[in-house]
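Everything on this sheet refers to the single structure shown next.
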There are 2 protein chains.
Amino acid sequence: MMKIEAIETAYYRLPLEPMGDAGHGAIDSEEIITVKVRAGGVEGHGYAYTIGRGGRAVHALLEHDLAPLLAGRDATDIEALWQLMWQRLLYVGRGGLAAFAIAAIDIALWDLRGLRDKKPLYVLLGARAKEIRAYGSGVDLPKPLDGLLKQTEGFLARGLPGVKVKIGKADPRDDETRVAAVRKLIGDEVDLMLDANMAWSAQEALERARRLEEFNLYWYEEPTIPEDVAGHARLVRELSVPIAVGESLHSPHEFQRYVDERAAAVVQIDPVTNGGITASLRALDMANAAGLKASSHYTDELSAHLLCAAANAVYLEKHAFALDRYLEEPQRVVKGRVRPTETPGTGMRFAEGALAPYRIL
Amino acid sequence: MMKIEAIETAYYRLPLEPMGDAGHGAIDSEEIITVKVRAGGVEGHGYAYTIGRGGRAVHALLEHDLAPLLAGRDATDIEALWQLMWQRLLYVGRGGLAAFAIAAIDIALWDLRGLRDKKPLYVLLGARAKEIRAYGSGVDLPKPLDGLLKQTEGFLARGLPGVKVKIGKADPRDDETRVAAVRKLIGDEVDLMLDANMAWSAQEALERARRLEEFNLYWYEEPTIPEDVAGHARLVRELSVPIAVGESLHSPHEFQRYVDERAAAVVQIDPVTNGGITASLRALDMANAAGLKASSHYTDELSAHLLCAAANAVYLEKHAFALDRYLEEPQRVVKGRVRPTETPGTGMRFAEGALAPYRIL
């Protein structure tokens, strides 16, 4: 028993260099909502992020709905608390914003468990530390070609063995030109992923992919909307390039559909958007049982632990919204690979001084 | 073109007599989030409600994400604004709380259109006014049997031709006792609906229903979780009582699955939880095309209009959270039936003086 004594939340808006993709449009800021859960003399840290929308609502859920619900309860019973939060927000939840708020608390609870047991997160998950290849990932659909190539050169200079390019231009030839130029720049030894951010119908996504398959693609991400599971399954059957999804799946139920209907080849976890470490672990369990590959979306620091629990972790995403400048210990990439941290808990701590100028609530 | 000049929001917490159900537990308050959209010299009114959780997050979405997005846009292009809001909240949305916030604005936009055209909502929907039977609906799982019967007597005294009872007691015999007593009280001429609020697995729901079918049930509502569409489809196939769902479906996509997989016999719209009048209309279109029955959840005043657009509207729910005391013109029930209002727009106006003591934001 470690009684929850206090839960503190804060809300920050961080400026981003303007970027964008086919599904979410222009993005110029990121919201960070932090949570500190104090129990038994230790303080676990968690967080959620957004792409600039909905963050105040996440903060409101934490402050007014979840924090009062959890006060005085046993912080060590993470699974039960996850169910309690899911149930409490059921009427307004079942995914969406509720997943982000539940995630922020759930991450703090796992951190707390690690601090108490003096073990890093990956050990709590029953895994051993693994080196995981990292790929460079831009949010670069609006970038002109020279900017895209310059970004790609940056990924290569960091020694990353894979790069991802956004697609979804109105004219298919524009996507082809960009993908061809990136493939030419990186050569045959570097893996190339494409991300359509739900730009198309399944039929359009199929036609678009046919024109791009010649570039030897590592995966084809979010080709159509998450609701069209049958469409994804069709793409899995008809294309040689593996289909990747996960960042838009906000509950274990959503992952279950994709696994049951054989609608994905690569399961991409994101412990914030999935509804917490607890939810992402369930997605990994499903991926492991079904023999699927695993990767991550954003959440670089947490995912380095979580992917250690995957049977077949192919890549960790080094995302364009790097939090490095706001972290006490930014994740290190060595020879294009990352490892989980060895300190107790998640090992992820925001540098309060760096975040402070952006605090709003 | 009617340029949106201002959007005003407010947040209220209304006390409720303590009640509860199998899925959402104890409920002792309702949140109301109101929206007023001003354009072209008129002011459309919309709202969202919750069962006491998440309302501040809905308010935050409206205030910080949707109101700034809509300022200056054409209020008459409701479909385009619905898509714009859906897209804007896509990353944190696809249902859940985003649906509630989009709904509040969407309802105000339909009201505004009615005020401009000087037509009641049902006329805007291309429908003619219909009389719709109303049923009495309690949120009464914790009520002792005598309280349940007293409530039922109240429904009969109001001349309602149908009554709904919550089920989901731990011991199936308790549900049987309660349902038997209500059936005995109401006689054979009054319709009896049951609502399990997602209490069980599909298998349990099947076994529970087998024990209750003898009471000549009108429908069996939310027998299992909304994510288990295949489970609902199985219940549709294996039970003689019609399966009803809708209040927990937060997007047209979710309704589509139920209709495509023949997983419901009665489609229950709720223009707040479904994501607006625009979203509920799509659900009704699907129900009409598939030959399904239509009913409503809560939202008594709006649903009297919407159900006029249903090909086979069987019942309107008179919900336990009656807003009557907070409305300028409470809905009238005559001989167990309701009609849509004839004034321009939705005809629904909160009585500001009655709400004011409960305003928080």
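Below, all heavy atoms of this structure are taken into account, side chains as well, without hydrogens, waters or symmetry copies. Here is how names work: the chains are called A, B, and so on, in the same order as the sequence lines, proteins then strands, and each is numbered from 1.
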Report the distance from atom CG of A/Leu90 to atom CD1 of B/Ile51, rounding to the nearest 0.5 Å.
7.5 Å
With no hydrogens and no angle check, is any side-chain donor or acceptor of B/Arg56 less than 3.5 Å from a backbone partner on A/Leu61?
no
Measure distances from B/Ile225 to the heavy atoms of chain A and classify the residue's part below 4.5 Å as side chain, backbone, both or neither.
side chain
Under a 4.5 Å heavy-atom cut-off, does chain A meet the side chain of B/Arg257, its backbone, both or neither?
side chain
Ignoring hydrogens and angles, tell me if any N or O in the side chain of A/Gln87 forms a donor-acceptor pair with the backbone of B/Gly23 under 3.5 Å.
yes
Heavy-atom count check: over 12 atoms from other residues, nucleotides or ligands less than 6.0 Å from A/Arg262 CZ?
no
Heavy atoms only, distances under 4.5 angstrom: which of A/Ala101, A/Gly96, A/Ala57 has the most pairs with chain B? Name it, please.
A/Ala57
For B/Tyr91 and A/Glu247, which heavy atoms make the closest approach, and how far apart are they?
CE1-OE2, 3.5 Å
Heaviest contributor of heavy-atom pairs below 4.5 Å to chain B, chosen from A/Leu66, A/Leu89, A/Leu97, A/Thr273, is A/Leu97
Hey, does the side chain of A/Asp65 reach the backbone of B/Arg53 with a donor-acceptor pair shorter than 3.5 angstrom?
no
So for B/Glu254, is it side chain, backbone, both, or neither that comes closer than 4.5 Å to the heavy atoms of chain A?
side chain
Exam field: side chain A/Arg94 to backbone B/Ser248, donor-acceptor pair closer than 3.5 Å
yes
